[in-house]
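Have a look at the structure below before the remarks.
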Amino acid sequence: MNNAGKTVKEVVIEEINGVVIDSLSKLNCIVDNIVTEIPPDLSLGDAAYPMFKYSSALKMKPYDIALSVKNDLDAARSFIEKTEVKGGYLNVYFNKTAVSKKILPLIIAKGADFGKGRRLNQKVLVEFSSPNTNKPLHLGHCRNNAIGDSLSRILDFYGYDVIKLNLINDRGIHICKSMLAYKLFGAGATPDSVGKKSDHFVGDYYVKYANEVKNAPDMEKEASDMLRLWEEGDPSTIELWKKMNGWAISGIKQTYDRMGINFTDIEYESALYLLGKEVVAEGLKKGAFYKESDGSVWVNNEDVGLDKKALLRSDGTSIYITQDMGTAVERQKKYKFDKLVYVVGSEQIYHFKTLFAVFKKLGYEWASNCYHLSYGMVNLPEGKMKSREGNVVDADNLMDLLYQMALDAINDKEREISAVEKSAIAEKISLSALKYYLLNFSTAKDVMFIPEKSISFDGNTGPYIQYTTARINSLMSKSGAPVDNADIPDDYTFNEDEWGIISYLLEYEKSVKIAAAEYSPVEICSYLYNLSKLYNKFYHDNQILSEGDVVKKVRLAISKSVLIILTSGLNLLGISSLERM
RNA sequence: GAGUCUAUAGCUCAGAUGGAUAGAGCGUUAGAUUGCGGAUCUAAAGGUCGGAGGUUCGAGUCCUCUUAGACUCGCCA
């Protein structure tokens with residue numbers, strides 16, 4: 001994965017790289033790719049070239065190599081202010097004015113488009129969320145939604161054409177369980193008649209089933225009978241199914257709307273689950289699969305370190321994996337995707353390995369373009385979430401709780417903001433807290449969710465970054481004229497706080513690149529948090545509006561640039577920046 | 001039993017492609033604003049990067065072994 005567009009940092013650094021490479025070749029060391037690092041401390045410069053690896057080939061001390069390259073570098077100027085040899089490192093200090101004059105006006109001019117990659121003309125399908133229609137969304141879905149949505153935004157920003165897919169799991173035995181409980185105990189009630197959000201209404205009957213079946217084991221058989229009736233198209237069963245699915249899906253849709261999650265296309269398992277049978281037949285014909293004497297169809301994946309896996313039951317009905325096979329083939333036909341990313345929990349790693357191995361055995365050239373982005377489970381202090389034990393953290397309730405906390409915090413500030421606006425702001429803050437919290441983990445890791453502690457508004461949180469945007473927005477509105485350019489005099493002397501921010505602004509594009517390449521929203525979280533910290537320190541220690549015209553303009557340009565980048569990065573996380581809070 | 005993933009400060013977590021004294025937040029302690037938003041800022045204390053070997057000039061990062069935990073290994077989804 002690479003994007004042909006060059007970042008500002010690359011433009012600056014490549015010029016310097018060229019000189020370093022030439023210089024090394026004069027010493028008879030031919031390299032085509034040079035390693036650049038960022039020194040651990042700003043006082044050590046803006047870029048560093050470690051010379052250790054050339055030492056043995058050149059039979060020179062790293063220090064002497066660095067010294068030799070330094071001589072050549074000092075002769076070639078422009079973006080370089082000075083160079084220094086320290087140990088085996090050659091440290092380069094950028095010309096602050098030259099770099100600033102390049103980056104700040106560019107950010108301000110491009111605004112939200114700064115850092116956006118050129119279009120790659122490659123289509124990426126991102127499947128995420130994939131709820132069941134027998135219960136409301138819970139905390140685990142929140143993590144999935146946050147990751148899937150953010151990843152889609154990142155990939156789009158980087159240059160891919162992203163299709164967001166939601167495959168709704170609307171059929172199967174678990175759906176029939178809630179249907180059965182409603183049929184037996186519902187007495188014609190509706191979400192409206194009991195005044196309940198419709199997906200919660202449906203979920204209550206799923207819980208009801210779990211409780212009742214303990215004393216009435218026959219219900220299990222009734223549920224599977226119902227599934228059979230559904231597959232046969234029994235009218236009254238289908239009618240009930242449509243009614244309850246309608247409730248579940250409309251309730252879940254409300255939760256998506258509140259979270260700011262949407263999809264390019266919504267797929268229904270009920271419409272796709274039979275497709276895989278044709279793929280199985282194709283595989284049999286190709287000799288990729290084999291049939292057992294009882295009629296079941298299998299694939300043998302032992303050659304790739306996996307096991308044998310059934311693809312079709314002996315009665316000819318399809319299995320979970322069969323649908324995934326059919327769905328993927330259908331997606332390739334419909335979208336001609338270049339990549340297909342499944343955002344699904346880590347408990348399904350084995351399943352996707354098997355699935356992708358099947359694609360390879362079928363000879364699909366797109367098999368290697370499928371990727372399972374697995375994420376760890378969300379745990380509670382008392383253990384894992386189990387819907388049957390009722391210890392799940394419900395998504396709607398959680399958002400309500402966070403909303404109330406945010407609203408209380410706003411009210412404490414006693415700002416002159418209307419009640420309506422306060423409410424809107426509280427909503428944005430609470431979502432930011434939730435999403436940022438869930439994204440600020442490596443995806444592979446399990447998340448420990450401690451309700452009282454984990455979602456806070458202080459420190460490394462979404463609201464902290466929003467606060468920074470509100471602060472800058474407030475500054476902008478008090479600055480008089482809008483900041484639409486960056487006037488930087490050639491003789492301007494940047495202080496450490498100013499330069500610290502500017503040099504970090506140079507890193508934004510790289511962060512986006514890493515986030516896109518590694519499918520890693522946490523990379524953006526870290527970047528935004530670091531930038532916010534740098535800015536808040538700068539803001540705390542430096543005056544802006546009361547300074548003279550020259551300094552004021554430069555600092556406003558820096559502030560404006562930070563605001564643009566923070567807003568851009570928050571957007572990649574699916575979080576709104578704020579004017580006020 | 002096999003496979004995959006995880007292990008970094010009291011707690012919760014960052015540390016892409018190996019590089020300079022391993023970084024945050026929370027919590028604890030001590031401070032900062034007669035100034036543009038205190039949901040802010042500064043500082044202190046707190047680490048054998050689970051353990052043992054190995055590769056390398058250099059390892060939290062790569063390799064081997066090992067310990068602990070999670071997940072998976074179904075004609076469930």
Side-chain angles (χ1 to χ4, degrees), chain A residues 35 37 39-41 44 48 50 52-53 55-56 61-62 86-89 91 132 169 172-174 269 292 294-298 305-307 309-324 345-351 353-354 374 376-377 379 384 406 409-410 412-413 415 429 437 440-442 444-450 453-454 456-461 463-464 466-468 470-479 510-511 513-515 517-518 520 522-523 525-526 529-530 532-533 535-547 552 555-556 559 580-581:
Chain A
V35 175
E37 286 167 17
D41 192 275
L44 291 168
F52 306 98
K53 60 169 61 173
S55 178
S56 59
K61 288 179 185 168
K86 209 145 200 167
Y89 292 90
N91 292 334
N132 294 320
N169 198 313
I173 189 70
H174 52 301
E269 198 182 295
E292 281 290 351
D294 63 0
S296 57
V297 178
W298 294 72
L306 300 169
D307 296 313
K309 168 73 187 169
L311 302 176
L312 216 54
R313 293 194 185 94
S314 50
D315 65 3
T317 58
S318 58
I319 304 167
Y320 181 63
I321 193 169
T322 325
Q323 326 177 15
D324 272 349
S346 58
E347 70 275 10
Q348 294 202 33
I349 289 175
Y350 187 83
H351 167 74
K353 280 190 173 186
T354 304
S374 77
M377 315 187 21
N379 294 314
K384 44 171 33 175
I410 295 170
D412 286 348
K413 305 292 173 213
R415 294 199 210 291
I429 292 173
Y437 179 79
N440 198 18
F441 289 84
S442 301
K445 288 190 179 173
D446 288 352
V447 168
M448 174 61 74
F449 189 83
I450 304 165
K453 284 187 184 173
S454 18
S456 97
F457 298 155
D458 298 316
N460 188 352
T461 64
Y464 172 82
Q466 284 178 314
Y467 172 79
T468 314
R471 202 178 213 188
I472 300 175
N473 272 315
S474 167
L475 180 73
M476 289 300 145
S477 64
K478 284 178 183 161
S479 69
K510 189 175 94 179
S511 262
K513 184 177 180 175
I514 292 172
E518 311 279 323
S520 183
V522 66
E523 173 66 30
C525 292
S526 303
Y529 177 64
N530 288 332
S532 295
K533 262 203 315 186
Y535 186 80
N536 282 321
K537 175 169 166 48
F538 158 78
Y539 185 93
H540 185 268
D541 294 345
N542 297 273
Q543 278 301 297
I544 299 170
L545 297 179
S546 59
E547 289 287 344
K552 177 176 160 182
R555 290 183 179 169
L556 280 173
S559 301
R580 296 199 284 174
M581 66 188 283

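Lettering follows sequence order; numbering is per chain, from 1.
In this structure, OH of A/Y539 is placed 6 Å from P of B/G38, rounded to the nearest angstrom. Between A/F441 atom CZ and B/A7 atom C1' the separation is 15 Å, expressed in whole Å. B/U12 atom C1' lies 13 Å from atom CG of A/D446, rounded to whole Å.
Note on A/K445: a side-chain N or O is less than 4.0 Å away from OP1 or OP2 of B/A7. Applying the 4.0 Å criterion to OP1 and OP2 of B/A39, one finds that A/R471 has every side-chain N and O outside that range.
Rounded to whole Å, the separation between the C1' atoms of B/A20 and B/G15 comes to 16 Å. Rounded to whole Å, the separation between the P atoms of B/A77 and B/U17 comes to 39 Å.
Between A/P50 and A/E37, the closest side-chain pair of non-hydrogen atoms falls below 4.5 Å. Two residues are said to be in side-chain contact when any heavy atoms from C-beta on lie closer than 4.5 Å; A/L545 and A/R555 fail this criterion.
Take the nearest nucleotide of RNA chain B for A/S526 and for A/Y467: the residue whose nucleotide is more 5' is A/S526.
Contacts of A/I349 with the nucleic acid, taken as non-hydrogen atoms under 4.0 Å apart, involve only primed sugar atoms and P, OP1 or OP2. Residue-level contact check: A/Y464 touches the backbone only, with heavy atoms under 4.0 Å from sugar-phosphate atoms and none from bases.
Judged by atom type and distance alone, A/N440 does not reach the base of B/A24 through any side-chain donor-acceptor pair under 3.5 Å.
Residues A/Y464 and A/Y467 keep their aromatic ring centres 6.0 Å or farther apart.
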